[in-house]
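Presented below is the structure to which this report refers.
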Number of protein chains: 2
Amino acid sequence: MFEIIDLPDSTTIAKLAQRYPMLEIPALEIWLILMRVSGDCQNDLDQFLARHNLSQRKFFVLILLMRNPTGLNVSQLAAGTGVSCATMTGVVDGLLNAKLVTREADEQDRRAFVVAITSTGQELLDRVLPRHYHRVSRIMSMLDETERTQLNGLLAKVRAGLATADA
Amino acid sequence: MFEIIDLPDSTTIAKLAQRYPMLEIPALEIWLILMRVSGDCQNDLDQFLARHNLSQRKFFVLILLMRNPTGLNVSQLAAGTGVSCATMTGVVDGLLNAKLVTREADEQDRRAFVVAITSTGQELLDRVLPRHYHRVSRIMSMLDETERTQLNGLLAKVRAGLATADA
DNA sequence: CAAATATTATTAGCCAGCTGAATATATGGT
DNA sequence: ACCATATATTCAGCTGGCTAATAATATTTG
């Protein structure tokens with residue numbers, strides 16, 4: 001989670017650039033800042049959710065289920081959150097244990113199960129989400145509308161850069 | 001690592017905002033984008049390092065050791081990368097196993113050990129870092145100098161926002 | 001100096017999370 | 001009816017993190 005405590009100072013980077021001539025200092029500098037903020041954002045969310053005994057994965061599953069009150073299959077949840085069915089089985093086990101979801105046989109497809117949010121699960125979301133959105137507003141209140149638009153555009157470019165970097 | 005595959009569309013967000021009136025839609029939208037790029041950046045680095053059998057943590061430890069050729073204590077490595085000594089012992093064990101570092105008794109402080117990078121470890125860095133810096137340049141080549149400065153400023157504001165969000 | 005306290009690092013035991021392979025079962029197309 | 005495919009679970013195995021207990025050594029203080 002990119003937890004290097006102190007980013008290298010310019011002297012350190014200059015030394016590295018001497019050893020590795022392909023190092024473009026301005027590119028590395030902004031990358032380091034981006035990675036650090038990335039890590040900070042992720043940690044921030046993880047720590048917030050941990051106070052409610054949730055991981056990002058469990059949180060997303062609950063939200064997906066809230067959006068689909070009739071329930072979703074394990075494979076749909078796995079696809080929607082980017083993990084294997086095996087992993088999702090484990091996540092659902094955890095949520096079942098905490099009585100936040102139910103898992104019942106699917107009547108349409110008898111290989112499958114339907115996972116659905118319980119009222120306990122919905123109550124948890126009703127407690128967590130308001131605080132969460134409040135945090136989001138606070139974090140993002142540092143940026144005005146123009147800045148948000150700017151950031152959006154810049155991040156889109158970064159994403160495009162990530163997509164090309166498969167070498 | 002924020003792997004919700006499809007960000008919610010505006011209809012979905014609007015429905016959420018109905019249920020949770022404190023949800024400020026523009027703040028949530030930019031936060032979602034930021035979190036997604038954060039996750040993408042982290043995944044990108046993790047996947048790159050995994051090809052060389054490294055985790056972020058191991059990578060940072062090696063870099064710290066390269067910067068300090070006389071070696072560092074376990075506690076210094078732990079502090080520098082934000083984990084407990086117990087965890088760092090495990091990380092160092094892994095690096096020892098791969099012959100990337102040595103661990104020897106500290107002569108100054110006989111409670112302590114000095115961990116130092118081996119020539120094998122340095123050779124690994126000499127193989128990994130050029131590719132890494134090349135990737136960094138590629139990712140960041142999407143932004144010109146003005147945009148980098150902008151991004152830097154915007155990310156600083158986000159960080160400031162994160163610092164205040166402890167509620 | 002001696003005793004109490006701190007620090008350093010390791011070990012052991014625990015848990016979350018992820019994967020791939022093997023398995024059982026059900027589906028759907030031919 | 002048959003065969004390939006899809007669904008989900010279980011299992012063994014890995015990483016990686018934590019705490020608490022322990023042992024050894026340093027440091028501070030009476």
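Numbers restart at 1 for each chain; the letters A, B, ... are given by sequence-line order, proteins then strands. In this text, all values refer to a predicted model and were calculated from it rather than measured experimentally.
Note on residues 82-93 of chain A: pairs passing side-chain hydrogen bond (donor to acceptor under 3.5 Å, both in side chains), not counting sequence neighbours, are A:Ser84-A:Thr87, A:Asp93-A:Arg103. The stretch residues 148-157 of chain A participates, sequence neighbours left out, in these salt bridge (Lys or Arg N to Asp or Glu O under 4.0 Å) pairs: A:Lys157-B:Glu147.
Here B:Phe59 pairs with B:His132 under the ring-ring contact (aromatic ring centres under 6.0 Å, His included) rule; sequence neighbours left out. Scored by the side-chain contact (heavy atoms from CB on, under 4.5 Å) test, A:Ser55 finds A:Arg57, A:Lys58 as partners (sequence neighbours excluded). Residues that satisfy the side-chain contact (heavy atoms from CB on, under 4.5 Å) test with B:Val114, not counting sequence neighbours, are B:Asn73, B:Asp106. Residues passing the side-chain contact (heavy atoms from CB on, under 4.5 Å) test with A:Arg110, sequence neighbours excluded: none. Listed by chain and residue number, nothing satisfies the side-chain contact (heavy atoms from CB on, under 4.5 Å) test with B:Asn53 (two or more places apart in sequence, or in another chain). Applying the salt bridge (charged side-chain N to carboxylate O under 4.0 Å, His left out) rule to B:Arg127 yields no partners; only residues at least two apart in sequence or on another chain are considered.
For B:Phe59 and D:dG16, the CZ to P distance is 15 Å, given to the nearest whole Å. Atoms CZ (A:Phe113) and C1' (D:dT10) sit 12 Å apart, rounded to a whole Å. Atom CZ in A:Arg103 sits about 8 Å away from atom C1' in D:dT9, given to the nearest Å. Here the P atom of nucleotide D:dG16 and the CG atom of A:Asn43 are 16 Å apart, to the nearest Å. The distance between atom CZ of A:Phe60 and atom P of C:dC18, rounded to the nearest whole Å, is 12 Å. Summarising the geometry, the separation between CD on A:Gln47 and P on D:dG17 is reported as 14 Å, rounded to the nearest angstrom. For the pair B:Asn73 CG and D:dA24 C1', the interatomic distance rounds to 15 Å; values are reported in whole Å. Atom P of nucleotide C:dG17 and atom CG of A:Leu77 are separated by 15 Å, given to the nearest angstrom.
Using the Watson-Crick or G-U wobble rule with both distances under 3.5 Å, C:dA6 pairs with nothing in any strand shown. A 3.5 Å limit on both hydrogen-bonding distances identifies no Watson-Crick or G-U partner for D:dT25.
Nucleotide C:dA6 is shown with a syn base, its glycosidic torsion being within 90° of 0.
Taking CG of A:Asn152 as the start and CG of B:Leu154 as the end, the distance is 11.0 Å to the nearest 0.5 Å. Once rounded to the nearest 0.5 Å, the distance linking CD1 of A:Ile117 with OG1 of A:Thr102 reads 9.5 Å.
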Might you list the N or O atoms of the protein lying below 3.5 Å from N or O atoms in nucleotides 19-23 of chain C, with each pair's distance?
{"from": "C:dT19", "atom 1": "OP2", "to": "A:Ser84", "atom 2": "N", "distance (Å)": "3.4"}
{"from": "C:dT19", "atom 1": "OP2", "to": "A:Ser84", "atom 2": "OG", "distance (Å)": "3.1"}
{"from": "C:dT19", "atom 1": "OP2", "to": "A:Thr87", "atom 2": "OG1", "distance (Å)": "2.8"}

Strictly under 3.5 Å: I want the nitrogen or oxygen pairs between protein and nucleotides 25-28 of chain D, one per line.
{"from": "D:dA26", "atom 1": "OP1", "to": "B:Arg110", "atom 2": "N", "distance (Å)": "2.8"}
{"from": "D:dA26", "atom 1": "O4'", "to": "B:Arg111", "atom 2": "NH1", "distance (Å)": "3.4"}

Residues 17-26 of chain B, side-chain donor-acceptor partners within the protein, below 3.5 Å, at least two apart:
{"from": "B:Arg19", "atom 1": "NE", "to": "A:Asp126", "atom 2": "OD1", "distance (Å)": "3.2"}
{"from": "B:Arg19", "atom 1": "NH2", "to": "A:Asp126", "atom 2": "OD1", "distance (Å)": "3.4"}
{"from": "B:Arg19", "atom 1": "NH2", "to": "A:Asp126", "atom 2": "OD2", "distance (Å)": "3.0"}
{"from": "B:Tyr20", "atom 1": "OH", "to": "A:Asp126", "atom 2": "OD1", "distance (Å)": "2.5"}
{"from": "B:Glu24", "atom 1": "OE2", "to": "A:Ser137", "atom 2": "OG", "distance (Å)": "3.3"}

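Each of B:Met88 and A:Lys58 lies near DNA chain C, and the nucleotide nearest B:Met88 is the one positioned closer to the 5' end. Comparing A:Leu54 and B:Gln76, the nucleotide of DNA chain C nearest to each residue sits closer to the 5' end for B:Gln76.
B:Asp106 comes within 4.0 angstrom of no nucleic acid atom, judged by non-hydrogen atoms across all strands.
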Determine, step by step, whether B:Cys41 and B:Leu45 satisfy the side chain to side chain contact (heavy atoms under 4.5 Å, CB included) criterion, reporting the C-alpha distance in whole Å, the side-chain angles of both residues, the deciding distance to 0.1 Å, and the verdict. CA-CA 6 Å; B:Cys41 287; B:Leu45 179 60; over 6 Å; no

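Of the residues in residues 89-101 of chain A, A:Thr89 come within less than 4.0 Å of DNA chain D through at least one heavy atom, sorted by number.
Applying the 4.0 Å criterion to OP1 and OP2 of C:dT7, one finds that B:Ser75 has every side-chain N and O outside that range. Using a 4.0 Å cut-off, no side-chain N or O of B:Arg57 falls inside it from OP1 or OP2 of D:dT15.
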